[in-house]
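Have a look at the structure below, then the notes.
Here is how names work: the chains are called A, B, and so on, in the same order as the sequence lines, proteins then strands, and each is numbered from 1.
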2 protein chains.
Amino acid sequence: MSIKGIFPIDKWDFKSESILIDLPAEDFDLLMAHSNEKLYKKNEILFREGAYASGIFYIVKGKVKKYKADEEGNEQIIYLAHTGQLIGYHGILSGDQYLDSVGVMEDSRIVFIPKDDFMRTLEHSSIFSNRLLKTLSHEYTVLTNSLTVLAHKTVRERLALQLVVIREKYKEKGAEGMPIVLNISREDLANLVGTARENVVRILTEFKEDNILETKGRKITIKDVNKLVQIANFK
Amino acid sequence: MSIKGIFPIDKWDFKSESILIDLPAEDFDLLMAHSNEKLYKKNEILFREGAYASGIFYIVKGKVKKYKADEEGNEQIIYLAHTGQLIGYHGILSGDQYLDSVGVMEDSRIVFIPKDDFMRTLEHSSIFSNRLLKTLSHEYTVLTNSLTVLAHKTVRERLALQLVVIREKYKEKGAEGMPIVLNISREDLANLVGTARENVVRILTEFKEDNILETKGRKITIKDVNKLVQIANFK
DNA sequence: CTTTATAATTGATATAATTCACTTTTTGAA
DNA sequence: TTCAAAAAGTGAATTATATCAATTATAAAG
């Protein structure tokens, strides 16, 4: 049985179709006029919150984390973005500074698009601007859901939920039966769930004992998603 | 001394200028073509999450809360909206259902604008559409900040922060020296902060003992904002 | 392959927050 | 003004989570 039926994935993730797919060639060319693809290494920083927003980024292939860091150095991961997604437009639209920081989680191919080209395309293409409105509204659902979960669910429930979300997100199309291996540090997992690393470790151990998952080094293999869904406890 | 300097209000609130102010008359008329003002009583529900999104709402005068309710009946307040703000567009932009629920907190004058007029204005007016993009991006800051605070600050710090935010929000322009009286139930305050009502009551008592505020019935008068700012502990 | 820095894990303890059961106060309707 | 319902307030017990201080395992670089 597919988890999709009982698990409303798009309430927890943004729509995964790329905002650029099937964009009219003219609009696409305008946007990409001065674009510049680069290979980023794991742990590199794409940009930091508060820095001047000089343009947006398009993830050709890879995984990144959007996060906020507070005074004490606590890091809260806002969203895990990946192949096909656009990054950094919030800051440009609302002012001229990036609103969060973005770190690269695995070696990634990422295209930089200068601010001017982004703005020009936005003005010129109502398709692009409508899609962006739609994307932003969808982000609203995801963020407000995260807020509710964070406020009212236990760490255990939140961790179970995030594991399911990440699994769905990183699942390759077509590979239905295959077990999905998550390659994410305990630290990042903790910063995503909003708790301390130690708690994540402890709960993962419990999950291991309950035969829900296996770990090998930092890699997590989920064996029983349904149990996780049950623990996360949502309708 | 104004609190504005040390308190980055727009990180916690949306920009308070109305999205409709100074909109070209032509666009405004298009938007308001079939609008309909109604008087809503305290505690009335404007719409519920998941309901068909038939249009948007403009708050002419009043206060409302945007919230999400989970299976267990827990209510998380996402945002307190008031005079001059637009409500309900996320659902229309991202699909056809409202993405949260909205309840009226005090008797309010609210205009309903049918979906078609909203969409037509959006297509026709690039000013309107640009402002909406800006508003949505700004919401992103507010929501991601809320997320970070919820995940990493104590209930005490969160409550202090919210009291400052509400005070700034509800402050009448010009009445600088006047003490601001907040009229909000402990329950709503708890649902905003993301905790139980009892905790809010206990911490308010502590604040009272520390001469930070006074309460008379459900009304809260803040006497020392700076102390609250200090407790909330942000740069 | 070995080394070394980094990350994961474990246990013990302290603290924060929730929950439940109850009393008191306030509010709004009659 | 009275009265009932709703909201606020209090105390005690329980549970969840954070924090600190180590040890062990892992991965990345030379």
It should be established whether [X] places a side-chain nitrogen or oxygen under 4.0 Å from OP1 or OP2 of nucleotide [N].
X         : N       : answer
Arg186(A) : dT9(C)  : yes
Thr215(B) : dA8(D)  : no
Asn199(A) : dA18(D) : yes
Thr205(B) : dT10(D) : yes

Under 3.5 Å, is there a donor on one side chain and an acceptor on the other for Asn183(B) and Tyr170(B)?
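Side-chain D/A pair, Asn183(B) to Tyr170(B): absent.
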When you check the side-chain N and O atoms of Tyr40(A) and Glu106(A), is any donor under 3.5 Å from an acceptor?
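Side-chain D/A pair, Tyr40(A) to Glu106(A): absent.
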With sugar-phosphate meaning primed atoms plus P, OP1 and OP2, does Glu198(A) contact a base, only sugar-phosphate, or nothing at under 4.0 Å between heavy atoms?
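Counting heavy atoms under 4.0 Å across all strands, the contact made by Glu198(A) includes a base.
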Please work out if Lys216(A) contacts a base, only the sugar-phosphate, or nothing of the nucleic acid, heavy-atom cut-off 4.0 Å.
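Answer is nothing: Lys216(A) stays at 4.0 Å or more from every strand.
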Figure out the [atom1]/[atom2] separation between [X] and [N], and round it to whole Å.
X         : N       : atom1 : atom2 : value
Phe207(A) : dA8(C)  : CZ    : C1'   : 17 Å
Leu150(B) : dA17(C) : CG    : C1'   : 13 Å
Glu187(A) : dT6(C)  : CD    : C1'   : 11 Å
Asn74(A)  : dT17(D) : CG    : C1'   : 14 Å
Leu189(B) : dA8(D)  : CG    : P     : 10 Å
Ile220(B) : dA7(D)  : CD1   : C1'   : 13 Å
Asn183(A) : dA8(C)  : CG    : C1'   : 14 Å
Leu159(B) : dA17(C) : CG    : P     : 11 Å

Could you tell me whether Lys63(A) sits above the aromatic face of Tyr79(A), with NZ or CZ closer than 6.0 angstrom to the six-membered ring centre and within 45 degrees of the axis?
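Cation-pi check for Lys63(A) and Tyr79(A): fails.
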Under the 3.5 Å rule, do the base of dG9(D) and the side chain of Arg202(B) count as making a donor-acceptor pair?
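Looking at the base of dG9(D), it does not pair with any donor or acceptor on the side chain of Arg202(B) (distance under 3.5 Å).
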Is it true that Glu75(A) and Lys65(A) make a salt bridge, defined as a side-chain N closer than 4.0 Å to a carboxylate O?
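Salt bridge present between Glu75(A) and Lys65(A).
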If you pin Lys219(A) and Arg158(A) to their nearest nucleotides in DNA chain D, which one's is more 5'?
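Its nearest nucleotide being more 5', the pick is Arg158(A).
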Where each residue is assigned the nucleotide of DNA chain C containing its nearest heavy atom, which of Ile203(B) and Lys42(B) is assigned the position nearer the 5′ end?
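With Ile203(B) and Lys42(B) compared, the 5'-side residue is Ile203(B).
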From the set dT27(C), dT10(D), dT18(C), return the single nucleotide nearest to any side-chain atom of Val201(B).
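Of dT27(C), dT10(D), dT18(C), dT10(D) is nearest to the side chain of Val201(B).
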Does any N or O in the side chain of Arg158(B) come within less than 3.5 Å of the main-chain N or O of Val193(B), such that one atom is a donor and the other an acceptor?
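Answer holds: yes.
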